Every structure is written in structure tokens, then in C-alpha cells.
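Okay, structure first, notes after.
When a ligand or atom number is given, it counts from 1 through the structure's own listing order. Just so we're clear, the structure is a prediction, and the values are computed from it rather than from any experiment. Reckoned from all heavy atoms, side chains included, excluding hydrogens, waters and symmetry mates.
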Amino acid sequence: MKKLIALIALALMTQPAHAQDAAPKWSLAIHGGAGTLDPAQMTPEKRVQYEAALQAALDAGSKVLKDGGAAMDAVKAAIVILEDNPLFNAGKGAVFTWDGTNELDASIMDGRDRSAGAVAGVKTVKNPILLADTVRTQSEHVMLMGKGAEDFAVSKGFAVTPPVYFATPERREALERMKAEKLSALDVDHKFGTVGAVALDRSGNLAAGTSTGGMTGKRWGRVGDAPLIGAGTYADNRSCAVSATGWGEYFIRVGVAHEICARLRFQGAKPQDAADDVMADVAKLGGDGGVILVTPEGEAIFSFNTTGMYRGRATSAGVNEVAIFGGEVRASNTPNH
Ligand code: ASP
């Protein structure tokens with residue numbers, strides 16, 4: 001007996017340090033939109049700007065998770081940084097509607113209890129993702145739109161941001177070119193600049209969030225997939241957390257985010273296969289774009305049927321990378337703790 005105890009003690013002492021204090025894993029993936037990205041069109045300076053912006057968002061979210069914070073907080077931390085950066089089509093730098101305004105959509109979901117919040121068509125809220133989360137936590141609703149959502153924001157203490165804050169010359173020029181040359185939104189944008197984040201925290205909880213200005217020249221109150229739970233955003237601790245970017249109408253029709261999670265949950269599909277198959281389904285209907293997802297096992301995965309997607313991922317297994325074009329970071333990582 002004594003010998004056995006001594007052996008167990010020895011075995012414990014000789015375990016590698018990292019195994020003794022291995023904290024539970026965490027994982028984070030972010031995107032800043034997918035689209036027809038041409039490496040030849042991307043100057044080195046532009047590339048540095050995009051990569052720095054993605055890295056800053058990734059770092060902000062990673063810090064929350066590394067310190068044992070909640071997946072929901074990591075998702076918000078990453079998205080706020082991308083909303084504040086005019087390079088992306090969310091918050092400042094959102095695309096213009098046909099009428100020359102910026103109308104913002106966002107949604108967020110907590111995989112722990114599937115509580116969710118969303119806003120559509122808001123014009124005066126600096127960080128729509130935070131308003132979406134306030135709808136989740138401080139109202140009995142899931143989705144608020146337009147003026148009502150703005151009134152709700154004021155009632156909860158959000159500052160009224162002047163609409164001019166969101167406008168940038170590049171996005172205005174895209175609208176003008178669209179009208180002058182009778183182009184489609186895809187012709188002028190080439191990419192979808194929606195932003196999103198998905199996370200697994202050390203407590204095993206998943207979260208997902210998405211924020212966008214929609215598509216250039218949208219009119220008649222058009223709303224895409226980004227604020228729709230199940231289409232652009234979904235999180236469920238039993239399967240995965242997903243955020244999408246792309247041609248919203250197709251993502252709504254496929255129910256992309258929920259469809260991927262359902263395939264994991266009911267079919268036991270491999271996460272990369274589920275994401276690729278659902279994106280192939282979107283392509284079959286004529287749509288394009290991409291998704292990011294994380295699983296309860298800590299995998300952080302990308303899938304897109306466009307030439308590129310602004311993206312990044314970081315995990316407790318030591319992965320930390322950002323990428324823009326296809327092929328740069330493709331295979332899913334295999335977490336080792
Ligand atoms: N999915 C967004 C929409 O259709 C656009 C984007 O991803 O940039 O509104």
C-alpha cells in the first residue's frame with residue numbers, strides 16, 4: 001500500500017508542468033467580412049492596416065478569455081473594436097443606403113441559455129452590438145428595429161451618436177458610383193465588410209455576435225442576415241457558435257448559422273465539413289460569403305466560398321493568426337489541451 005502511494009506521488013511529481021496546471025481551454029475566431037478580394041488590388045500599406053485591425057480585435061477578445069472571462073464579453077470586446085474601425089462595414093464606416101443614410105444591424109447570442117438580442121436599422125447608436133446585448137439582458141424581447149430600438153437605447157442610457165459619425169468618403173463614393181453606373185451592391189463593394197466574433201470560454205460556454213451596415217444601396221428598410229438569430233448568428237453550448245458574412249438574402253434562406261449547429265448536434269458532422277457543406281448549399285442557390293465557428297472542443301474554423309475573408313483566430317493551444325486571402329489559413333487547428 002505504502003509502495004502504491006509512493007508510486008502515485010512520484011507519478012504526480014513527474015508530470016510535465018503544463019499538465020499539472022493546465023487550465024480549461026478557450027478559443028476565439030473573428031471575421032471582418034468575406035468577398036472578392038484580389039491580392040493585386042491590396043497594397044502592402046492596406047494589408048498592414050487590415051491585419052493590425054484584425055489583430056487588435058483578436059487580442060482584445062483573447063485577453064478576456066485568457067483571464068477566465070466570459071465568451072459573451074470576449075465577443076463584445078472584439079466586435080466593438082471592429083465597429084469603431086472605418087475599414088469595416090459596421091459602426092463607423094458602414095455602407096450607405098440608397099437614401100444616403102447608414103442603417104446598422106447587429107445580433108448576439110449566449111450559448112449557455114440561448115438568450116439572444118438583436119437590433120436592425122439603427123442610425124444613432126455607436127456600437128450596435130452593445131445595444132443588441134442590452135436588448136438581450138434588459139428587455140423581454142429578442143429583436144428591436146428602427147426608431148423603437150433607438151428610443152430603447154436612450155432609455156437604457158446609450159448616448160445618441162450623430163449619424164455623420166458613421167459616414168466615410170469611401171462608402172459615400174461607393175453609393176454614388178453605384179447610382180451613376182447602375183451597378184449592383186456586389187459590383188461596388190467587392191466584399192462584405194460585416195464583422196463578427198465567436199468564442200468558447202474556460203467555463204465551456206459559447207457565444208456569437210455579428211454587426212453590419214448591410215449592403216450598399218439597400219432600400220425600403222432592407223434587413224440582411226446579420227441581425228437574424230439563426231441566419232447570421234447562432235450559439236448553443238450543445239453544438240457550436242457561428243457568425244456569418246455574405247449576401248444576406250441567401251444566408252437567410254439557408255438559415256446558415258443554425259443549420260451548421262444543427263448538423264453538428266443531430267448528425268455528429270465534423271465542424272469543418274458542416275460549415276463547408278452549408279456554404280456549398282449557399283453557393284448552389286447563387287449566394288456567396290463565409291462563416292466562422294468555434295465548438296465546445298475548442299476548434300476555431302473558417303469556411304468561405306469567396307476568394308478571401310478578413311479573419312483571425314486564437315486558442316489556448318497557442319494558435320494566434322490573422323489572414324485575408326483564401327489558402328492563407330485554411331485547415332482547422334487541432335487543440336491539444
Ligand atoms: N451579410 C450582410 C448583409 O447581407 C452583408 C455583409 O456580410 O457584409 O447585410
Side-chain angles (χ1 to χ4, degrees), residues 29-37 50 53-54 79 82-83 85-98 101-108 118-123 128-129 132 143 145 166 168 170-171 174-175 178 184-198 208-234 242-260 278-279 282-283 285-293 302-311 324:
I30 61 166
H31 71 77
T36 316
L37 309 174
Y50 275 107
L54 290 168
I79 291 181
L82 297 170
E83 283 180 337
N85 191 316
L87 288 175
F88 303 100
N89 171 21
K92 188 172 181 64
V95 297
F96 278 82
T97 65
W98 188 261
T101 58
N102 305 107
E103 293 182 3
L104 312 167
D105 306 331
S107 65
I108 191 162
V119 292
V122 297
K123 298 181 193 163
I129 195 70
M143 188 168 191
M145 51 87 64
F166 301 100
T168 60
E170 292 79 10
R171 300 293 193 192
L175 175 68
M178 178 188 200
S184 74
L186 296 188
D187 291 328
V188 290
D189 287 342
H190 300 297
K191 69 175 176 62
F192 307 101
T194 289
V195 307
V198 290
T210 311
S211 182
T212 190
M215 290 172 78
T216 299
K218 65 183 183 180
R219 63 204 300 199
W220 304 307
R222 180 264 185 193
V223 176
D225 60 316
L228 299 187
I229 297 299
T233 302
Y234 203 74
V242 179
S243 170
T245 170
W247 197 338
E249 278 68 11
Y250 294 92
F251 282 67
I252 295 171
R253 288 165 58 194
V254 173
V256 165
H258 185 269
E259 173 78 14
I260 293 173
V278 173
M279 286 313 301
V282 168
L285 295 184
D288 60 355
V291 290
I292 53 173
L293 63 142
F302 309 122
S303 180
F304 48 97
N305 58 23
T306 46
T307 54
M309 177 162 79
Y310 296 98
R311 63 202 186 277
I324 298 176

Exercise. Has ligand 1 got any nitrogen or oxygen that is less than 3.5 angstrom from a nitrogen or oxygen of Glu249?
Worked result: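 No; the residue has no nitrogen or oxygen that sits under 3.5 Å from a nitrogen or oxygen of the ligand.
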For this session: Please indicate whether any nitrogen or oxygen in Gly224 is less than 3.5 Å from any nitrogen or oxygen in ligand 1.
Result: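 In this structure, Gly224 places no N or O atom under 3.5 Å from an N or O of ligand 1.
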Exercise. With a 4.0 Å cut-off on heavy atoms, is Gly246 touching ligand 1?
Worked result: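 Yes, Gly246 has a heavy atom closer than 4.0 Å to ligand 1.
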Exercise. Is Thr216 reaching over with its side chain to a backbone N or O of Leu175, donor-acceptor style, under 3.5 angstrom?
Worked result: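 Not at all, since once roles are kept as given, no pair shorter than 3.5 Å links the two residues.
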For this session: State, to 0.1 Å, how close Ala53 and Asn85 come at their nearest heavy-atom pair, and which atoms those are.
Result: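 For Ala53 versus Asn85, the nearest heavy atoms are CB-ND2, 3.3 Å.
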Exercise. Can you name the nearest heavy-atom pair linking Ala132 to Ala106, along with the distance?
Worked result: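 Closest pair (atom of Ala132, atom of Ala106, distance): CB-O, 3.9 Å.
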Quick check on contacts: which atoms of ligand 1 are under 4.0 angstrom from a heavy atom of [X]?
X: Asp225; result: 1 (N), 2 (C), 3 (C), 4 (O)
X: Gly214; result: 5 (C), 9 (O)
X: Gly193; result: 8 (O)
X: Thr245; result: 6 (C), 7 (O), 8 (O)
X: Gly248; result: 4 (O)

Problem set entry | Test side chain to side chain contact (heavy atoms under 4.5 Å, CB included) applied to Val242 and Ile260, Ile292, Thr210, Val278, the passing residue |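 Testing each of Ile260, Ile292, Thr210, Val278 against Val242, the sole residue satisfying side chain to side chain contact (heavy atoms under 4.5 Å, CB included) is Ile260.
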Problem set entry | Separation of Thr233 OG1 from Phe251 CZ (nearest 0.5 Å) |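 These two atoms lie 11.5 Å from each other.
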Exercise. Between Arg222 and ligand 1, which residue portion shows a heavy-atom distance shorter than 4.0 Å: side chain, backbone, both, or neither?
Worked result: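 Under 4.0 Å from ligand 1, Arg222 contributes side-chain atoms alone.
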For this session: Using the test side chain to side chain contact (heavy atoms under 4.5 Å, CB included), find all partners of Ala94 that sit at least two apart in sequence or belong to another chain.
Result: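 Residues passing side chain to side chain contact (heavy atoms under 4.5 Å, CB included) with Ala94: Asn89, Asn102, Leu104.
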Which pairs would a plain distance check flag for residues 218-225, meaning a side-chain donor or acceptor within less than 3.5 Å of a matching protein atom at least two apart in sequence or in another chain?
residue	atom	partner	partner atom	Å
Lys218	NZ	Glu103	O	2.8
Lys218	NZ	Gly213	O	2.8
Arg222	NE	Glu249	OE2	2.9
Arg222	NH2	Glu249	OE1	2.8
Arg222	NH2	Glu249	OE2	3.4

